[in-house]
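Chain letters run A, B, ... following the sequence lines, proteins first, then strands; residues in each count from 1.
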Protein chains: 2
Amino acid sequence: MKYTEKLRNSGLRPTKQRLQICEVLFDTERTFHFTINDLVNKIKKQLNNKISLATVYNTVHAFEKKGYLKQIPINSNQTYFDTNIADHHHFYDLKEEKLIDLENSDVGPINILKKIDGKKIKSVEVLVKLED
Amino acid sequence: MKYTEKLRNSGLRPTKQRLQICEVLFDTERTFHFTINDLVNKIKKQLNNKISLATVYNTVHAFEKKGYLKQIPINSNQTYFDTNIADHHHFYDLKEEKLIDLENSDVGPINILKKIDGKKIKSVEVLVKLED
DNA sequence: TTTATAGTTTATAATGATTCTAAAAAACTG
DNA sequence: CAGTTTTTTAGAATCATTATAAACTATAAA
Ligand SMILES: [Mn+2]
Ligand SMILES: [Mn+2]
Ligand SMILES: [Zn+2]
Ligand SMILES: [Zn+2]
């Protein structure tokens, strides 16, 4: 199996459910943005196999902790995740409620001049809201 | 009353509740970040007067729509609002779960090079996550 | 000042995303 | 295999937020 090693190396047992979720998330041409609900639907459509909602939540959180997924900071009643773990930014189309990737190269270099004592910068994320 | 005109001009009737919430939100030296729960507590402490939770939600949303408050895009189970409606950015201290203002002047100019057809940029917000 | 009307507040219920629980199943180790 | 730990699962619980609908209030017309 393609993802067995990856999971083992992270200390996660390569269960059937995790391997299937890996397929849905990572066996794609392109990266994508999703909510838990989106993912549950994708799983239903792509696999002939039910995975319990609790497991989907557990797995997504486990993958996020291991750095295989990122949460996208946005105001929505649902949490958005990203299979694109490269350092990048987002457009948010307010009308369509859709996220669009914005590569680092599409944003000038960002230089944070203010420093907070005893704290390090972990990430710098830009959200560009779009209207018509 | 200090805020009566402001409310009338926005098409909002200057009710006792709205005027009191204005006091709590805008009669301050400094701007601040808050959740609905924070605001309810502030109201309890500062006014000898109960305002129902539904009214707090209604009022905050009304003020946001009128541009007197801004929502801050962040991943939390609660929605964060900001009384600082000037164009600015945020640090988010992951350990303390606290927001810190980051003035535009503390961030180099941000130039979004990618354009989305038929859409205009409404806002550009930077979130800088801090760790120890 | 009344009266009519639209807007607002309120307690309470409903919603819905997320987390919790604890028992059954599966993965691993020796 | 036997023992142990991790994982899955259905279902319950949590909790921020929104909806409901009846009582109240601001406002303007009569
Ligand atoms: Mn969320
Ligand atoms: Mn929210
Ligand atoms: Zn992305
Ligand atoms: Zn702020």
**OP:** Kindly check if the number of other-residue, nucleotide or ligand heavy atoms within 6.0 Å of NZ (Lys114(A)) is above 12?
**Re:** yes
Between [N] atom [atom2] and [X] atom [atom1], what is the distance in whole Å?
{"X": "Gln20(B)", "N": "dT9(C)", "atom1": "CD", "atom2": "P", "value": "11 Å"}
{"X": "Leu39(B)", "N": "dA16(D)", "atom1": "CG", "atom2": "C1'", "value": "15 Å"}
{"X": "Leu53(A)", "N": "dA12(D)", "atom1": "CG", "atom2": "P", "value": "14 Å"}
{"X": "Lys65(B)", "N": "dT8(C)", "atom1": "NZ", "atom2": "P", "value": "12 Å"}
{"X": "Asn77(A)", "N": "dA16(D)", "atom1": "CG", "atom2": "P", "value": "15 Å"}
{"X": "Leu7(B)", "N": "dT8(C)", "atom1": "CG", "atom2": "C1'", "value": "13 Å"}
{"X": "Asn37(A)", "N": "dG16(C)", "atom1": "CG", "atom2": "C1'", "value": "11 Å"}
{"X": "Ile43(A)", "N": "dT8(D)", "atom1": "CD1", "atom2": "P", "value": "11 Å"}

Subject >> Axis deviation across the helix from dT1(C)-dA30(D) to dG30(C)-dC1(D), five-pair ends, to the nearest 10° >> reply: 30°
Original post:
Applying side chain to side chain donor-acceptor pair (under 3.5 Å), which residue pairs with at least one partner in residues 58-70 of chain B are found, sequence neighbours left out?
Top reply: Ser10(B)-Tyr68(B)
Set of residues satisfying side chain to side chain donor-acceptor pair (under 3.5 Å) with respect to [X], sequence neighbours excluded:
{"X": "His90(A)", "answer": "His33(A), Asp82(A), His88(A), Asp101(A)"}
{"X": "Ser52(A)", "answer": "Thr55(A)"}
{"X": "Lys119(B)", "answer": "Asp93(A), Asp132(A)"}

Subject >> dT18(C) phosphate, OP1 or OP2, under 4.0 Å from His61(A) side-chain N/O >> reply: no
Original post:
Any side-chain N or O of Tyr57(B) less than 4.0 Å from the OP1 or OP2 oxygen of dT18(D)?
Top reply: no
Subject >> Proximity to the side chain of Thr55(A) - top-ranked nucleotide from dT17(D), dT9(D), dA17(C) >> reply: dT9(D)
**OP:** List the protein contact pattern of nucleotides 20-30 of chain C with one symbol per nucleotide (5' to 3'): B for base contact, S for sugar-phosphate-only contact, - for none; contact means a heavy-atom distance under 4.0 Å.
**Re:** B------BS--
Subject >> Residue pairs involving residues 36-53 of chain A (criterion salt bridge (Lys or Arg N to Asp or Glu O under 4.0 Å); sequence neighbours excluded) >> reply: none
I'd like a table of donor-acceptor pairs (distance under 3.5 Å, sequence neighbours excluded) in which one partner is a side-chain atom from residues 105-113 of chain A, with atom names and distances.
none

Original post:
Is it the case that Lys2(A) places NZ or CZ above or below the six-membered ring of Phe26(A), under 6.0 angstrom from the centre and within 45 degrees of the axis?
Top reply: no
List, one per line, each side-chain donor-acceptor pair under 3.5 Å for residues 11-18 of chain B, sequence neighbours excluded.
unit_1: Thr15(B); atom_1: OG1; unit_2: Arg18(B); atom_2: N; d: 3.2
unit_1: Arg18(B); atom_1: NH1; unit_2: Arg13(B); atom_2: O; d: 3.0

